[in-house]
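Everything numeric here is computed off the predicted structure, so don't read it as measured data.
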Amino acid sequence: MVRRILTVCVIAAALAITYITPLTLFDGQPEIEVYLAGKHDGGVYTGVMTIMDVDRDGAEKLYCDKDFMGISLRYPVDNSDVEALRIRLAANVVSSQQADGMECVYLYSPLLSESVRIDGKIVNMQIAKTDDYLIVGFPLIMGSY
């Protein structure tokens, strides 16, 4: 009986840990952009449609949409810590680069489901950081930064 209860507790804890959406990562009010597959009347893919100025509730609904392609969250730098986010998501750095005062890091976390392949490597999170802001994209930042 104790073993069964312990097993249920372990499974429940694992499910709670793995239910991470990008919107549960930070406190505060980020600027949110959601990216959906753009389609015209014939159902043909026409590119990425960006929805800007979405609140958290709207973003959560769009996150579950069948045409969901990605999301990015923009925060002031003083509200964000790249290393803390990396640790929280058990993410490994796949690659990084720095140019024009911006640091861009590509990561992979086993706790996130959506991913893309870049140069043969699986990536599911991109972080762009400047002196003023931090943008976190899942799986990539598809808008401007």
Which pair of non-hydrogen atoms, one from Met69 and one from Met142, has the smallest distance, and what is that distance?
O-CE, 3.2 Å
Shortest non-hydrogen contact between Glu114 and Pro139, atoms and distance:
O-CB, 3.9 Å
Distance-minimising heavy-atom pair for Gln126 and Cys104:
NE2-SG, 3.2 Å
Work out which heavy atom in Leu140 is nearest to a heavy atom in Tyr35; give both atom names and the distance.
O-CE1, 4.2 Å
Working to the nearest 0.5 angstrom, can you tell me the gap between Tyr133 OH and Leu73 CG?
14.5 Å
List, one per line, each side-chain donor-acceptor pair under 3.5 Å for residues 117-125, sequence neighbours excluded.
from, atom 1, to, atom 2, distance (Å)
Arg117, NH1, Gly120, O, 3.1
Asn124, OD1, Ser109, N, 2.8
Asn124, ND2, Ser109, O, 2.7
Asn124, ND2, Leu112, O, 3.3

Show the nearest heavy-atom pair for residues Leu111 and Leu89, with the distance to one decimal.
CD1-O, 3.7 Å
Distance-minimising heavy-atom pair for Ile135 and Ser72:
CG2-CB, 3.9 Å
Quick one: does Glu31's side chain have a donor or acceptor within less than 3.5 Å of a partner on Arg74's backbone?
no
First locate atom CG of Asp132, then atom CE of Met102, and finally report the distance between them rounded to the nearest 0.5 Å.
10.0 Å
